[in-house]
There are 4 protein chains.
Amino acid sequence: MPKPNRGVGRPRNSDIDLAIVCTTRELLAERGYAGLTVDAVAARAGIGKAAIYRRYKTKQEMIFAATVHDLWEQPPPDGGTLRADLLALTRTIAAQLCGAPADVLAGLLADIYADKALGTRFAETFLESERKAVTAVLERAVTRGELASRPEASTVHALLLGPILAWVLILDGDRGEMPEFTRTVAEATAATLLLRPTS
Amino acid sequence: MPKPNRGVGRPRNSDIDLAIVCTTRELLAERGYAGLTVDAVAARAGIGKAAIYRRYKTKQEMIFAATVHDLWEQPPPDGGTLRADLLALTRTIAAQLCGAPADVLAGLLADIYADKALGTRFAETFLESERKAVTAVLERAVTRGELASRPEASTVHALLLGPILAWVLILDGDRGEMPEFTRTVAEATAATLLLRPTS
Amino acid sequence: MPKPNRGVGRPRNSDIDLAIVCTTRELLAERGYAGLTVDAVAARAGIGKAAIYRRYKTKQEMIFAATVHDLWEQPPPDGGTLRADLLALTRTIAAQLCGAPADVLAGLLADIYADKALGTRFAETFLESERKAVTAVLERAVTRGELASRPEASTVHALLLGPILAWVLILDGDRGEMPEFTRTVAEATAATLLLRPTS
Amino acid sequence: MPKPNRGVGRPRNSDIDLAIVCTTRELLAERGYAGLTVDAVAARAGIGKAAIYRRYKTKQEMIFAATVHDLWEQPPPDGGTLRADLLALTRTIAAQLCGAPADVLAGLLADIYADKALGTRFAETFLESERKAVTAVLERAVTRGELASRPEASTVHALLLGPILAWVLILDGDRGEMPEFTRTVAEATAATLLLRPTS
DNA sequence: CGATAAGCGAGACGGTACGTCTGGTCTTATC
DNA sequence: GATAAGACCAGACGTACCGTCTCGCTTATCG
């Protein structure tokens, strides 16, 4: 999230906003997360470093902004059944995670732990919104009578998010098989929830 | 894995091997992954930087060696049922992941993507041995007749590893609840496998 | 001679230019040539190492610049006689050589041989200007009729420079006696030239 | 001057003594003074570093020993006249200085200032013996009646040594012209001494 | 003869400096 | 006041070298 601009003086050139984001993505693709430097972004984009740091506090924020596309906040529309809702949810999660190469994901994750502020922002935006979606889906199932009581959202979240995370981040799984895998994950979670109430 | 030593000349001092590993862990705990420097390790351990770089090509290799404890290779003993085997397996995986703080895990993961050699080593040691254990457990279940056919090991691996990974790495879950959570993950996977053959 | 700066962007801070030179001289005086480190210069001057290496390619260039004060170019004014001219010239040379402690002189000399670029610069600035002065003095003497033909400049240069060099660099002679010694050198050379034409 | 050996235990291998000296000279010629490393000498000579440091306290002592051929101590034989004695003396000095490349001379000189012990040894051996020779020559001239009183030996030493030093060290003079130049230096000094009593 | 002492090649060790690089800030002149 | 260029501080990185030490071995003299 770029720093705000008080609306006084020369307005920011929005071409630059775009150039930063695009160049960052380019260079991430070319040189990988570890090989990305702010100087390189500035040079390639034909802008000054100050223009970057006026918008983002740190390099990590810049990458975060360039990578983590401002993500969906709404829980998926009611699909009628818990099974359908979980599948939709899992697909959204998978789409998020597949949006960036694995090295970027890993790098970002590391930076989130290195920089407390970034961690907080990540938790508040990304995590919180996902968690809300999970909660909403579960609550709908309770309302429908599919579940007796609402299971712990964190647990379900981990059951959905985790396998996909592992697939792209650790196991370097084929992303072509992702739709299929997504279905497996969703159904496994659904099966578990429907069979036995998970704490 | 440290660089080798041709058996000629003065042998490496194994006290130093140990000191590097211990000091690295100490400093990781004190200052976090991002705050670790090679100079600090050398200074604290009372050794020269050369002694470190004689053993490890890069800082990352050092951290890797200090962190990824040369890990279990054996699949869990036969527990009699798929359910029991999966629980044991999941517990082993969880123990591995809980061995290091989250920031170290994240940092290591990022470095694995940054350094190809490290990535290969990680895949060959850590991943391969885990995968073999998963395969063994599944094969036992087929032999027992619990499963009709052996499911894809990668998928099951992701279903087991993923939620735990997400729990410690993303959701910053309470590690005290890990035993309980581990059980949930194992049972969810068991349920899925026993209900429907996963691809 | 510092690296140039293309007039675009933030200009070099000339305070730093000065600080580097002064601090280098200070530390040379305090710790001697062999004890001088770039880190110490940076630390004492309160600047970053990069600011030094932006100006000088190597430590040696820095010392060179800090020590070999951009020196006089003009031959001494016409003193009326060869004897007088030689004395003036010798005094200038002696003043140059006494400007730095013996260890710095020796260190610099060694570095000049170690680094070809430095050697060239030394020859072109220091040596060439001194040689021109010697030539000019000798030519004046020929014009005056004191000498029948112009002697080889290199030889005369060696006769003037050498003894002083030996005095400060090898024999560790008392610098208090330098004025007297300078006179001796000048007169010895004058006597030789006036008696017999030196090749 | 190598460290002594108490005659007990295995005796030193004199092949190694020679190998060190020869290899040092070789490498000095190939890579220059600044490029010489002890490891390289040991490797090239096929010996261990310890064998070197058992003989010489420091790298500089090794180079010193390999370079400064154990030099003449005797003043030149009586040539009958001051002029002839000075020429002989100058030739000896020139021979000494021409024995090593200029960069080695410069490097050695710098090291002499860096290492007090080496400086003392240099002064006591090289310098002192030269000075004695100068004194002896001057005294002979007084005895012969060529000179009224014995001039200051240091001064004469500087007048003889200096120009040659400058020739090889600073002016990078052609060493082929050395014999001629030597004569010039000797005669200039003789002329000065015979004309006027130098301090 | 065996014990003792030292030499030897190889190379690890602690220490220290080098020169490079990057991140994030600041300073010009220009727009 | 935003911008491009680039200087600035801080400090980590990985390399190189020095002089010392340790290993397992060899080679001499002494008892």
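Values below: every heavy atom of this structure, side chains too, minus hydrogens, waters and symmetry copies. Throughout, a chain's letter reflects where its sequence line sits, starting with A, and its residues are numbered from 1. These figures come from a predicted structure and were not determined experimentally.
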- Task: Find the distance A:K57:NZ to E:dG23:P and express it as a whole number of Å.
- Result: 18 Å

Close N or O pairs between protein and nucleotides 25-28 of chain F (under 3.5 Å):
from: F:dT26; atom 1: O2; to: D:R10; atom 2: NH1; distance (Å): 2.8

- Query: Please give, in whole Å, the distance from E:dT22 P to A:L36 CG?
  - Reply: 11 Å

- Query: Which part of the nucleic acid, if any, lies within contact of D:K49, taking any heavy atom under 4.0 Å across all strands shown: a base, the sugar-phosphate backbone alone, or nothing?
  - Reply: base

- Item | E:dC26 OP1/OP2 closer than 4.0 Å to side-chain N/O of C:R12 | no

- Item | Interatomic distance where OH belongs to B:Y56 and P belongs to F:dC13 [whole Å] | 16 Å

- Starting from P on F:dG1, measure out to CD1 on A:I16 and report it in whole angstrom. 17 Å

- Message: From CG of C:L18 over to P of F:dC8, roughly how many Å is that when rounded to an integer?
- Response: 13 Å

- Message: Please classify the nucleic acid contact of D:I52 as base, sugar-phosphate, or nothing, using heavy-atom distances under 4.0 Å.
- Response: nothing

- Would you please confirm or rule out a distance under 4.0 Å between OP1 or OP2 of F:dA4 and any side-chain N or O of A:R44? no

- Comparing D:A43 and A:K59 on DNA chain E - which has the more 5′ nearest nucleotide: D:A43

- Between C:T37 and B:G48, which has a closest nucleotide on DNA chain E that is more 5'? B:G48

- Query: What residues, two or more places apart in sequence or in another chain, satisfy side-chain contact (heavy atoms from CB on, under 4.5 Å) together with B:A45?
  - Reply: B:A19, B:T23, B:I47

- Task: Send over the distance from C:R55 CZ to F:dA7 P, rounded to a whole Å.
- Result: 9 Å

- Message: I need the CG-P distance between B:D15 and E:dA12, as an integer number of Å.
- Response: 16 Å

- Task: Using a 4.5 Å cut-off on heavy atoms from C-beta on, say whether the side chain of C:T24 contacts that of C:I20.
- Result: yes

- Item | B:E61/B:R55 ion pair, N-O < 4.0 Å | no

- Can you tell me if D:R25 uses its side chain to pair, donor with acceptor, with the backbone of D:A66 under 3.5 Å? yes

- OP1 or OP2 of E:dA6 under 4.0 Å from side-chain N/O of D:R54: no

- Could you check how far CD1 of C:I47 sits from C1' of E:dC26, rounded to whole Å? 16 Å

- Are C:D17 and C:R12 ion-paired here, with the side-chain N under 4.0 Å from a carboxylate O? no

- For B:A40 and B:R31, work out which heavy atoms get closest and say how close. CB-NH1, 3.6 Å

- Task: For A:K57 and A:M62, indicate whether the former's side chain and the latter's backbone hold a donor-acceptor pair under 3.5 Å.
- Result: no

- Starting at the 5' end of DNA chain F and moving along, which residue's nearest nucleotide shows up first, C:A50 or B:A50? C:A50

- Query: Are any side-chain N or O atoms of B:Y53 and backbone N or O atoms of B:K59, one a donor and one an acceptor, separated by less than 3.5 Å?
  - Reply: no

- Message: At less than 4.0 Å, is any side-chain N or O atom of A:Y53 found next to OP1 or OP2 of E:dT25? Yes or no.
- Response: no

- Residue whose closest nucleotide on DNA chain F lies nearer the 5' end, B:Q60 versus A:G46: A:G46

